[in-house]
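Below is one structure, written out as structure tokens; comments come after it.
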Amino acid sequence: MMRYQSTRKNYEKVKSSEAIQLGMVPSGGLFVPEDFPRLSEEEVRAMEDESYQEIAYRVLSKFLTDFSEDVLRDVISNSYSGNFDSEEIVPLTRLGDDLNLLELWHGPTAAFKDLALQFMPRLLTRTMEREMVILVATSGDTGKAALEGFKDVEGTTIVVFYPKEGVSELQKLQMVTTGGDNTSVVALEGDFDDCQSGVKEIFGDNDFKSQFSQAFSSANSINWGRLVPQIVYWFSAYSNLMEEGEIKFGDKIDIVVPTGNFGNILSSYYAHKIGLPVENFVCASNENNVLTDFIRTGVYDANRELKKTISPAMDILISSNLERFVFDITGGDAAKVREWYGELAESGKFTIDEGTKGELDGFFYGEYATEGETLETISKVFDKHEYPLDPHTAVGVSCYYKYRKRAGSERSALIASTANPFKFAPSVVNALTGEKEEGAFENLRKLKKITGWPVHRGLRNLKDMEIRHDITSTREDIRETIKEILSKR
Ligand SMILES: *Cc1c(COP(=O)(O)O)cnc(C)c1O
């Protein structure tokens with residue numbers, strides 16, 4: 001039985017179902033596997049002929065050892081079926097001879113979060129011992145994906161906090177039009193970091209939580225249940241590259257991930273840990289380049305102004321999942337993690353020691369793209385391939401080219417394509433035409449016309465949908481807000 005420990009070693013070891021129900025370690029810290037499993041060469045090789053669902057079972061059964069085979073197979077087959085508009089679930093698009101885009105946006109809400117959030121609620125309901133409140137902080141995409149995943153799931157209430165001025169009009173509309181009797185959406189006066197720290201504070205506040213009969217959990221990537229399904233698609237993509245003859249079994253690849261909270265790139269690192277052949281990782285940031293600096297210098301310094309960019313899902317200064325990564329590269333040294341994360345909480349800054357920094361060098365690359373470079377990348381790739389990149393994916397592509405130059409790499413690379421371009425239509429249209437027009441729906445129409453692509457189904461009918469959520473809250477009133485929502489349940 002695989003058990004999960006805290007990155008700060010301040011909690012007992014728990015089963016995967018407990019880690020997922022708790023969301024994060026109540027006394028601070030995040031759950032990570034005590035030991036990592038390993039897929040054999042034969043297992044990875046066999047994936048070439050397997051469906052996404054079969055690959056998912058191979059990977060997930062190694063981590064979710066307290067679920068029976070029947071339950072796991074059932075949850076997987078319900079999670080990855082008609083709710084994705086591609087039979088492959090995560091199709092790989094190859095442009096020219098260097099861009100391999102792993103399209104992670106074929107789920108109901110048009111961003112990669114669906115891969116985890118179609119799965120996690122279905123898994124959670126198989127183990128829930130009492131009613132649950134799911135608290136979510138979102139920089140835009142997690143919110144809608146979590147709402148869709150938990151909508152009308154019996155025994156759950158979901159409350160999403162988004163930064164009032166920090167999400168796009170389409171993202172906001174996607175969230176506030178969500179149906180279901182158990183969903184609430186709150187506009188928080190503040191930025192994403194305020195949403196995230198507010199939610200984390202609630203998890204640590206036992207007095208507050210004990211007023212309610214429900215248990216609290218999270219649908220953010222601090223929850224192991226969010227992270228573990230993301231490990232699957234790196235294997236699926238690797239087997240696609242084999243199938244296409246781009247690589248042969250055992251060849252090492254590079255992985256490029258546009259990064260915010262460090263969840264997606266961490267899932268690729270975990271895939272590598274359990275057997276995926278990877279040479280280098282590229283952590284791609286926008287102008288909020290805290291992680292670029294961290295990877296290059298070993299200093300994590302969040303003391304800077306948050307910039308609003310056209311890739312808002314990456315407008316983050318405190319990347320939660322980095323704690324799991326830091327724990328790993330220290331060789332599981334919880335004392336160091338406690339020290340550094342104590343400093344981060346106090347002063348917004350920490351510096352890793354040289355030995356730990358050495359684990360990153362020549363293995364993890366930090367790159368970032370400016371707003372101008374992001375727009376230019378969208379335009380250039382469209383001119384060359386008639387393929388519209390969303391701005392997050394464009395950050396990834398821009399950083400990929402920078403990395404190739406810096407590292408002199410010519411290896412095959414997988415680039416995570418994290419959102420459908422229509423989700424960020426105004427910025428994409430601006431990149432392609434130079435025109436800057438307000439109005440999300442006008443931009444959806446324009447992008448459709450320019451590209452000939454259909455509008456993603458999750459965005460098609462937004463205009464005619466009823467607005468069902470209009471709660472606002474300040475960071476200070478977050479407890480009152482939650483209390484009021486739960487009193488009406
Ligand atoms: C959430 C998100 C990201 C960042 O992913 P992390 O796991 O938070 O690093 C990048 N792009 C898009 C479109 C997203 O929704």
Side-chain angles (χ1 to χ4, degrees), residues 30 101-117 136-146 148 160 162-163 166-168 170-171 174-175 192-193 195-196 218-224 226-231 233-234 255-271 281-286 288-292 294-295 309-325 364 366 368-369 374 378 388-399 415-425 427-428 456 458-459:
L30 301 173
L101 300 173
L102 179 58
E103 294 182 353
L104 300 172
W105 40 259
H106 288 273
T109 77
F112 85 85
K113 309 309 199 275
D114 288 327
L115 270 311
L117 283 163
V136 182
T138 183
S139 59
D141 290 338
T142 295
K144 179 59 178 177
E148 276 307 303
V160 171
Y162 72 88
V167 302
S168 77
L170 284 170
Q171 288 177 316
Q174 279 188 294
M175 288 190 277
F192 171 72
D193 292 302
C195 295
Q196 178 155 261
S218 159
N220 282 101
S221 52
I222 54 174
N223 192 323
W224 180 249
R226 259 291 299 278
L227 225 42
V228 69
Q230 294 179 209
I231 300 172
Y233 46 71
W234 302 107
I255 284 184
V256 185
V257 186
T259 294
N261 228 354
F262 211 77
N264 207 9
I265 192 165
L266 183 71
S267 73
S268 70
Y269 174 70
Y270 283 163
F281 293 89
V282 182
C283 175
S285 298
N286 63 24
N288 295 296
N289 53 1
V290 185
L291 287 165
T292 317
F294 172 71
I295 290 167
T309 73
I310 55 171
S311 47
M314 297 154 68
D315 291 348
I316 293 177
L317 298 179
I318 308 272
S319 296
S320 286
N321 278 296
L322 188 70
E323 179 168 340
R324 287 186 163 113
F325 182 63
F364 260 74
Y368 78 97
T374 306
I378 296 173
L389 297 173
D390 103 278
H392 304 77
T393 309
V395 167
V397 169
S398 173
C399 290
I415 303 171
S417 173
T418 49
N420 176 282
F422 282 88
K423 192 152 192 181
F424 300 93
S427 304
V428 180
H456 188 282
L459 304 161

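Each ligand, and each atom within it, is numbered from 1 in the order the structure gives.
Of all non-hydrogen atoms in Val428 and Pro388, the two that sit nearest each other are CG1-CB, 4.4 Å.
For atom 8 (O) of ligand 1, the closest non-hydrogen atom of the protein is Asn261 N, 2.8 Å. Looking at atom 12 (C) of ligand 1, its nearest protein heavy atom turns out to be Thr418 OG1, 3.4 Å. Looking from atom 7 (O) of ligand 1 to the surrounding protein, the closest heavy atom is Asn264 N, 2.9 Å.
Here the shortest heavy-atom distance to atom 4 (C) of ligand 1, taken over Ala116, Gly260, Gly396, Ala284, belongs to Gly260.
Using a 4.5 Å cut-off on side-chain heavy atoms (C-beta onward), Ser268 and Gln230 make no contact. For the pair Lys423/Leu170, no side-chain contact is recorded, criterion being any heavy-atom separation below 4.5 Å from C-beta on.
The shell of residues lying under 4.0 angstrom from ligand 1, judged by heavy atoms, excludes Ser221. In this structure, Phe112 counts as a contact residue of ligand 1, since one of its heavy atoms falls inside 4.0 Å of the ligand.
Checking only distances, Phe262 does come within under 3.5 Å of ligand 1, N or O to N or O. Considering backbone and side-chain atoms alike, His392 places every N or O at 3.5 Å or more from each N or O of ligand 1.
Interatomic distance, CD1 of Ile378 versus CG of Asp390, reported as 7.0 Å (0.5 Å rounding).
Short contacts between ligand 1 and Asp141, defined as distances under 4.0 Å to a heavy atom of the residue, involve ligand atoms 12 (C), 13 (C), 14 (C), 15 (O). The contact set between ligand 1 and Gly263, taken as ligand atoms under 4.0 Å from a residue heavy atom, comprises 6 (P), 7 (O), 9 (O). Counting the atoms of ligand 1 from 1 in the order shown, those under 4.0 Å from a heavy atom of Pro258 are 4 (C), 10 (C). Residue-ligand proximity, Thr259 to ligand 1, at heavy-atom distances under 4.0 Å covers atoms 9 (O). Atoms of ligand 1 lying under 4.0 Å from at least one heavy atom of Lys113, given by number and element, are 1 (C), 2 (C), 3 (C), 14 (C), 15 (O). The Ala419 neighbourhood of ligand 1 comprises atoms 13 (C), with distances under 4.0 Å to a heavy atom of that residue.
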Exercise. Start with the C-alpha distance between Leu389 and Leu101, add both sets of side-chain angles, then the distance that settles side chain to side chain contact (heavy atoms under 4.5 Å, CB included), and finish with yes or no.
Key: CA-CA 10 Å; Leu389 297 173; Leu101 300 173; 3.8 Å; yes
Quiz item: Are Asn321 and Arg324 close enough, and set up right, to give a side chain to side chain donor-acceptor pair (under 3.5 Å), and what steps lead you there?
Solution: CA-CA 5 Å; Asn321 278 296; Arg324 287 186 163 113; 2.6 Å; yes
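The only member of Asp315, Thr374, Thr259 that meets side-chain hydrogen bond (donor to acceptor under 3.5 Å, both in side chains) when paired with Asn286 is Asp315.
The backbone N or O of Gly143 lies less than 3.5 Å from a partner atom in the side chain of Thr138, making a donor-acceptor pair.
Residues Phe364 and Phe325 bring their aromatic ring centres within 6.0 Å.
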